[in-house]
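Shown below is the structure under consideration.
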Amino acid sequence: MLRALPPLLALLSLALPALAPEVRALESTPTRSERARMTLASSLDAVAPGQPFRLGLRQVLAPGWHTYWRNPGDAGTPPEIAFTLPEGASATGFEWPAPERIPFGPLVNYGYENAVLLPLTVTPPATLRPGDVFTIEAQASWLVCEKVCIPEEGVFRLDLPVEAAPRPDPALAADFRAAEAALPRPSPGTRRWASRARRARCGWRGRTFPPPW
């Protein structure tokens, strides 16, 4: 027969989940404001020497607020990030998931509301060894807007363990898949046109043409 918990224990059992810290595997300490929560997130729980992997600036915005796409439209500034990496490491710039159209009076802007992950690629040094720690430090800035725009910035750090083979992070896999799926890609017709243009250019090489007069 089950016994009811004493009132104090019952109250504590309800309070503990609310008091527990938010944990999402290898995600940096967040930068928070009343408008935005930003973190630097890794697609891997452990990296491998010399093998590229995906990193992302992950934003969660308060209702009504937005940040900007790489081409913000009539106004705005897109997020920027700068890395401090160990010697031999490299990082690309952001890749940009397709934005939302955000009208503001007679103006039209392009950006992101609610939540989005801006992915990029980091390549650790090939000189790393299993058991090392690959430290990533970054400083990012972004403009978050509703009726007014407020510039914000944050400093982020990730300490990623190094193993012989990369180990994916299942907790963040869905976020990275969604970001990858939302990246704009050329249509098949555009690719065919580009292919025909390349073939035409190749066919003209080495040929001489009479003057037009």
Rounded distance [0.5 Å steps], OG in Ser43 versus CZ in Arg177: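 The CZ atom of Arg177 is 11.5 Å from OG of Ser43, to the nearest 0.5 Å.
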So, does Arg167 use its side chain to make a donor-acceptor pair with the main chain of Ala165 at under 3.5 Å?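 Pair absent, no side-chain N/O of Arg167 close to backbone of Ala165.
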If we ignore hydrogens and angles and just use 3.5 Å, is the side chain of Asn109 paired with the main-chain N or O of Ala75 as donor and acceptor?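 The answer is yes, because a donor-acceptor pair under 3.5 Å joins these two groups.
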Heavy-atom side-chain contact between Glu113 and Gln59 under 4.5 Å: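 Side chain of Glu113 against side chain of Gln59, heavy atoms only: no contact under 4.5 Å found.
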Which atom of Pro161 lies closest to which atom of Leu26, heavy atoms considered: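 So the minimum-distance heavy-atom pair works out to CD-CD1, 4.3 Å.
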Taking all atoms of both residues into account, what is the closest heavy-atom pair of Gly50 and Thr123, and its distance?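 Heavy atoms only, the tightest pair is O-CG2, 3.8 Å.
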Less than 4.5 Å apart, any side-chain heavy atom of Val162 and any of Pro49?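 They are in side-chain contact.
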Nearest 0.5 Å, please: how far is CD1 in Ile102 from CG in Leu107?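 Spacing of CG (Leu107) from CD1 (Ile102) equals 12.5 Å.
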Leu57 side, atom CG; Leu117 side, atom CG - distance, nearest 0.5 Å: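 That separation rounds to 8.0 Å.
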Between Val47 and Phe156, is there a shared hydrophobic cluster once you connect ILVMFWY residues whose side-chain heavy atoms come closer than 4.5 Å?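 They do share one cluster, since a chain of ILVMFWY contacts under 4.5 Å joins Val47 to Phe156.
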Between Phe83 and Leu120, is a side chain to side chain contact (heavy atoms under 4.5 Å, CB included) present by the stated rule, with each step listed? CA-CA 12 Å; Phe83 287 97; Leu120 54 89; 3.9 Å; yes
When you measure from the side chain of Thr31 to the backbone of Gly154, do you find a donor-acceptor pair of N or O atoms at a distance under 3.5 Å?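 Pair absent, no side-chain N/O of Thr31 close to backbone of Gly154.
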Can you list the steps and then say if Glu80 with Gln139 is a side chain to side chain contact (heavy atoms under 4.5 Å, CB included)? CA-CA 8 Å; Glu80 297 180 347; Gln139 184 168 359; over 6 Å; no
Walk me through it: do Arg58 and Met38 pass the test side chain to side chain contact (heavy atoms under 4.5 Å, CB included)? CA-CA 6 Å; Arg58 185 170 176 270; Met38 296 284 190; over 6 Å; no
Heavy atoms only: give me the nearest Glu95-Arg54 pair and the separation to one decimal.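 What the structure gives for the nearest pair is OE2-NH1, 2.9 Å.
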Any link between Trp142 and Trp96 through a network of hydrophobic side chains (Ile, Leu, Val, Met, Phe, Trp, Tyr) touching at under 4.5 Å?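 In one cluster: yes.
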Assigning hydrophobic clusters by single linkage (Ile, Leu, Val, Met, Phe, Trp, Tyr; side-chain heavy-atom cutoff under 4.5 Å), is Val144 placed with Val148?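 Yes, one cluster joins them.
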Same apolar cluster: Leu61 and Tyr68, side chain cutoff 4.5 Å: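 Different clusters: Leu61 never reaches Tyr68 through Ile, Leu, Val, Met, Phe, Trp or Tyr contacts under 4.5 Å.
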Is the backbone of Ala48 close enough, under 3.5 Å, to the side chain of Glu163 for a donor and an acceptor to pair up by distance?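 No; zero donor-acceptor contacts below 3.5 Å.
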Hey, does the side chain of Asp132 reach the backbone of Arg129 with a donor-acceptor pair shorter than 3.5 angstrom?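 Judged by distance alone, yes, a pair lies under 3.5 Å.
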What's the shortest heavy-atom distance between Asp45 and Pro170, and which atoms?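 That closest heavy-atom pairing would be OD2-CD, 3.9 Å.
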Do side-chain atoms of Ser28 reach the backbone of Leu40 as a donor and acceptor pair under 3.5 angstrom?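 Yes; at least one donor-acceptor contact below 3.5 Å.
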Could you pull out the closest heavy-atom pair between Leu158 and Ala41, with the gap in Å?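 Looks like CD1-C, 4.3 Å.
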So do Leu160 and Ile136 actually touch side chain to side chain, heavy atoms under 4.5 Å?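 Touching, per the 4.5 Å side-chain cut-off.
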Which heavy-atom pair separates Ser42 from Asp169 by the least distance, and what is that distance?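 In terms of heavy atoms, the two residues are closest at O-OD2, 3.7 Å.
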Side chains of Phe94 and Pro79: does their closest heavy-atom pair fall under 4.5 Å?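 Touching, per the 4.5 Å side-chain cut-off.
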Under 3.5 Å, is there a donor-acceptor pair between the side chain of His66 and the main chain of Cys145?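 Answer holds: yes.
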Students often mix this up, so state it plainly: with edges at 30° and 60°, are the rings of Phe53 and Phe134 parallel, tilted or perpendicular?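 Phe53 vs Phe134 ring planes: perpendicular.
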Is the backbone of Pro97 close enough, under 3.5 Å, to the side chain of Tyr112 for a donor and an acceptor to pair up by distance?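 Yes: the side chain of Tyr112 pairs with the backbone of Pro97.
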Which salt bridge (Lys or Arg N to Asp or Glu O under 4.0 Å) pairs, counting each pair once, include a residue from residues 137-160, with sequence neighbours left out?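 Applying salt bridge (Lys or Arg N to Asp or Glu O under 4.0 Å) to every pair that reaches into residues 137-160, excluding sequence neighbours, yields Arg35-Glu152, Glu137-Arg157, Arg157-Asp159.
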Path from Trp69 to Ile81 over hydrophobic side-chain contacts below 4.5 Å: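 Looking at the clustering, Ile81 is in the same group as Trp69.
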